[in-house]
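Let me begin by presenting the structure, written as structure tokens, before commenting on it.
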Amino acid sequence: MTTTKTNEATTLRSRRCGSLRVTDAGSAVRLGGWIHGKRNLGGLVFLDLRDRDGIVQVSVDPALVGDAVRDTAATVGKESVVLVEGDVVRRPPDGVNREMATGEIEVKARSVRVVGPAVTPAIPVARAKGEALPSEEQRLRYRYLDLRRPELQHNMILRHRLLQTARRFLTSEGYLEIETPILTKPTPEGARDYIVPSRLHKGEFYALPQSPQLYKQLLMVSGFDRYFQIARCFRDEDLRAERQPEFTQIDIEASFVEAADIIRLTEALFVELWREGGREIAAPFERLRYADAMERYGSDRPDLRYALELFDATDVFAATELGIARSAIAAGGRVRGMRVPNGATLSRKQVDELESLAKGAGAGGLLRLKREGSELTGPPAKFLDAGARERLALADGDLALFAAGPDRITNPALDRVRQDVARVMRLVPDGVLRFLWVTDFPMFECDAATGALGPTHHPFTAPHPDDAALLDTDPLRARAQAYDVVLNGMEMGGGSIRIHDPEMQRRVFALIGIDEETAQRRFGFLLEGLRSGAPPHGGIAMGVDRIAMLLAGAGSLRDVIAFPKTTTASALFEGAPSPVPEADLRALHVRIDGAATVTS
RNA sequence: GGGGCUGUAGCUCAUCUUGGUUAGAGUGCAGGUCUGUCACACCGGAGGUCGCGGGUUCGAGCCCCGUCAGCCCCGCCA
């Protein structure tokens, strides 16, 4: 991917070698790049010279340059940095390489100078067709080499373009880019904080921000009515393929808005981002209320690329003698499940694996029925009456899978089953983008263990205007003005309209067990701000890493982050985290419990 | 905190089933031949703490226990 056509020239080079084309034939160039590969034919030597724009072939002919320059080219090690002066020439017709962007030309060298000799690289940068990548561990250990690979260069360049697109678009919409602190006040709510000890305040700590949430609300109070930031966020939680301990969000907040304003803005931004990534997408996106998403998919971020919708079969099973179903229904639960078209082709073993997924998600088991010809078969079949087959609406060859119990158990179980059925039955189409807004989240969720109320989104989310009265009577039924944007089952961002009324903020704190004194201690600065003239406001935050990963077609966030962490949050190339000298700890008033320290 | 997979040459992987000769291949690397290659070709060559520690055994890359690291997943991620 050529990033710039202008200003490539520096004192030491005139062009990037990867940007040369047949139209440059006849021009003299000075190039600087890395030795990607070398072919020494005895007399002639070919060098593949690489920079961020690509690779060009340099031919070194002793008849033109003499034996000394030829020998330099013949002995230079892979990944060394060389300066080449020469002339861009068309290749002979039978020498054209159609697989290279620069394949119609080559650079006939007049001089070759090694300015950055390289030891033999620990992991290969240039790979033969079909050659496997080095292990993740090696790639992270030798990150500076891995980042040289054209794929990762492409990904980082794409990421740059996405960030610039976001900046350009939001700026054109009147949004101001404002930076917020990295050293912040610890917030015992939510994810674990990364903690930074204070030298000047003995026994006190900063935290790295989990998000700029409170700062952007204060910026609204201060009158910067449209704010954005490409914000680095930190969460000390365990990692996943799509979760890093530090990550980047496009963070947005605006005043005098309702949810519809933020949703429209986000859609327009996504259109721009995906266009930059080479995909045209259509707005507005589909929408699902949270309650409907849970009912139809068992998930608040359903993957809509395949159907497999859930349905309620409680009435089919209610009258039966089937013990599991009866007891679940008697306890106030339901029997829900999905039809799997042609699912009868799944083997017993495959269905067993689906059941173990469901069990792993907390369900007691999975009820399975098949329709074969006009008959229903499967363990529960003998309990079902004559009308059951019609009511289940199974076609010949269909499989039906049910879970019985309360929704809070069956939703996650059926969600897992649904995803895995789609995977096993190959129902996930390639190249399809299904954007979705999930709206009307509940304000609170109930901790299964303690029964305590917690915020579904965060404690600053405003309730739905129609549901404010429910806060006093039935808070679990109260909806929030919160919205998530989902793509193909992955949460890409989320936001809400915030509480701007200090009295409402106090009521919400009280409901989630934050008393007046605690609220004052933790969030006093926000409450003060809300009392000092706060406009109605709301916003959203989107995961840059995930967006870049999808648009790069990468399988892991690590492939779109320059220096990512491992599953144990280590940075292998630099060896972070690491112990610090005892004296440094003393200055910070920190003592390590029983651990050795280094003194270097 | 829990589950799964992996760890053998610089790199990617075999060998392991059933403990027993000198642990192999490709690639890379060093050397040699070669003036139109582009996965250059050809020749012969060097290269091993079988992640680490302990145990069982006459004998362990292989079996057992522990441990470390990487990856995937659950919990967690307001």
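Fair warning: this is a prediction, and the values are worked out from it, not measured in the lab. Letters go in sequence order (proteins before strands), and every chain restarts at 1.
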Checklist entry - In terms of heavy-atom contacts, does CZ of A:Arg521 have more than 12 from other residues, nucleotides or ligands at under 6.0 Å? => result yes

Next on the checklist: If you go through the side-chain atoms of A:Glu137, does one of them form a donor-acceptor pair with the base of B:G51 closer than 3.5 Å?
Outcome noted: no

Next on the checklist: Looking only at the side chains, is there a donor atom on one of A:Asp515 and A:Thr518 sitting less than 3.5 Å from an acceptor on the other?
Outcome noted: yes

Checklist entry - Would one find a side-chain N or O of A:Arg558 under 4.0 angstrom from OP1 or OP2 of B:C72? => result yes

Checklist entry - Can you check whether A:Arg39 has a side-chain N or O nearer than 4.0 Å to OP1 or OP2 of B:C40? => result yes

Item to check | 5' priority, RNA chain B, between A:Ile123 and A:Arg301 [closest heavy atom] | outcome: A:Ile123

Next on the checklist: Would you say A:Thr567 places a side-chain N or O within less than 4.0 Å of OP1 or OP2 belonging to B:C72?
Outcome noted: yes

Next on the checklist: With a 3.5 Å cut-off and heavy atoms only, can you find an N or O donor on one side and an acceptor on the other between the side chain of A:Arg98 and the base of B:C38?
Outcome noted: no

Checklist entry - Under 4.0 Å: is that the gap between some side-chain N or O of A:Gln57 and OP1 or OP2 of B:C38? => result no

Item to check | C1'-based separation of B:G48 from B:G61 [nearest Å] | outcome: 11 Å

Checklist entry - Starting at the 5' end of RNA chain B, which residue's closest nucleotide do you reach first, A:Arg91 or A:Tyr142? => result A:Tyr142

Checklist entry - Is a donor-acceptor contact shorter than 3.5 angstrom present between the side chain of A:Arg235 and the base of B:C77? => result no

Checklist entry - Base, sugar-phosphate, or nothing: which does A:Gln138 touch, judged by heavy atoms less than 4.0 Å apart? => result sugar-phosphate

Checklist entry - When you measure from the side chain of A:Ser570, which nucleotide among B:C74, B:G70, B:C77 comes out closest? => result B:G70

Next on the checklist: For a quick check of understanding: with a heavy-atom distance under 4.0 Å over all strands, which category does A:Leu572 fall into, base, sugar-phosphate or nothing?
Outcome noted: sugar-phosphate

Next on the checklist: Students often get this wrong, so: under 4.0 angstrom with heavy atoms, is A:Pro124 touching a base, only sugar-phosphate, or nothing?
Outcome noted: sugar-phosphate

Next on the checklist: So, does A:Ser135 get its side chain near the phosphate of B:U12, meaning an N or O under 4.0 Å from OP1 or OP2?
Outcome noted: yes

Distance-only check: which donor-acceptor pairs under 3.5 Å involve side-chain atoms of residues 101-109 of chain A, not counting sequence neighbours?
{"unit_1": "A:Thr102", "atom_1": "OG1", "unit_2": "A:Ile55", "atom_2": "O", "d": "2.6"}
{"unit_1": "A:Glu106", "atom_1": "OE1", "unit_2": "A:Gln57", "atom_2": "NE2", "d": "2.9"}
{"unit_1": "A:Glu106", "atom_1": "OE2", "unit_2": "A:Ser59", "atom_2": "OG", "d": "3.4"}

Checklist entry - When all nucleic acid strands are considered with a 4.0 Å heavy-atom cut-off, which category describes A:Lys359: base, sugar-phosphate, or nothing? => result nothing

Item to check | More than 12 heavy atoms of other groups within 6.0 Å of A:Tyr206 OH | outcome: no

Checklist outcome for this item: Closest to the side chain of A:His458, out of B:C71, B:U12, B:A78, is B:A78

Item to check | Donor-acceptor pair under 3.5 Å, A:Arg139 side chain vs B:C71 base | outcome: no

Next on the checklist: The side chain of A:Lys129 is closest to which nucleotide in this list: B:U37, B:A39, B:C77?
Outcome noted: B:A39

Item to check | Sole residue of A:Leu308, A:Val351, A:Thr410, A:Leu366 in side-chain contact (heavy atoms from CB on, under 4.5 Å) with A:Val417 | outcome: A:Leu366

Checklist outcome for this item: 5' to 3', nucleotides 25-35 of chain B under a 4.0 Å protein heavy-atom cut-off (B base, S sugar-phosphate only, - none) gives ---SS----BB

Checklist entry - Who are the ring-ring contact (aromatic ring centres under 6.0 Å, His included) partners of A:His457, not counting sequence neighbours? => result none

Checklist entry - Looking only at side-chain N and O atoms, does A:Thr568 come under 4.0 Å of OP1 or OP2 in B:G70? => result yes

Next on the checklist: Let's test this: given Watson-Crick or G-U wobble pairing with both distances under 3.5 Å, identify the partner of B:G59.
Outcome noted: none

Item to check | Nearest-Å distance once atom C1' is located in both B:G31 and B:G47 | outcome: 14 Å

Checklist entry - Looking for any heavy atom pair under 4.0 Å, which part of the strands does A:Gly360 touch: base, sugar-phosphate only, or nothing? => result nothing

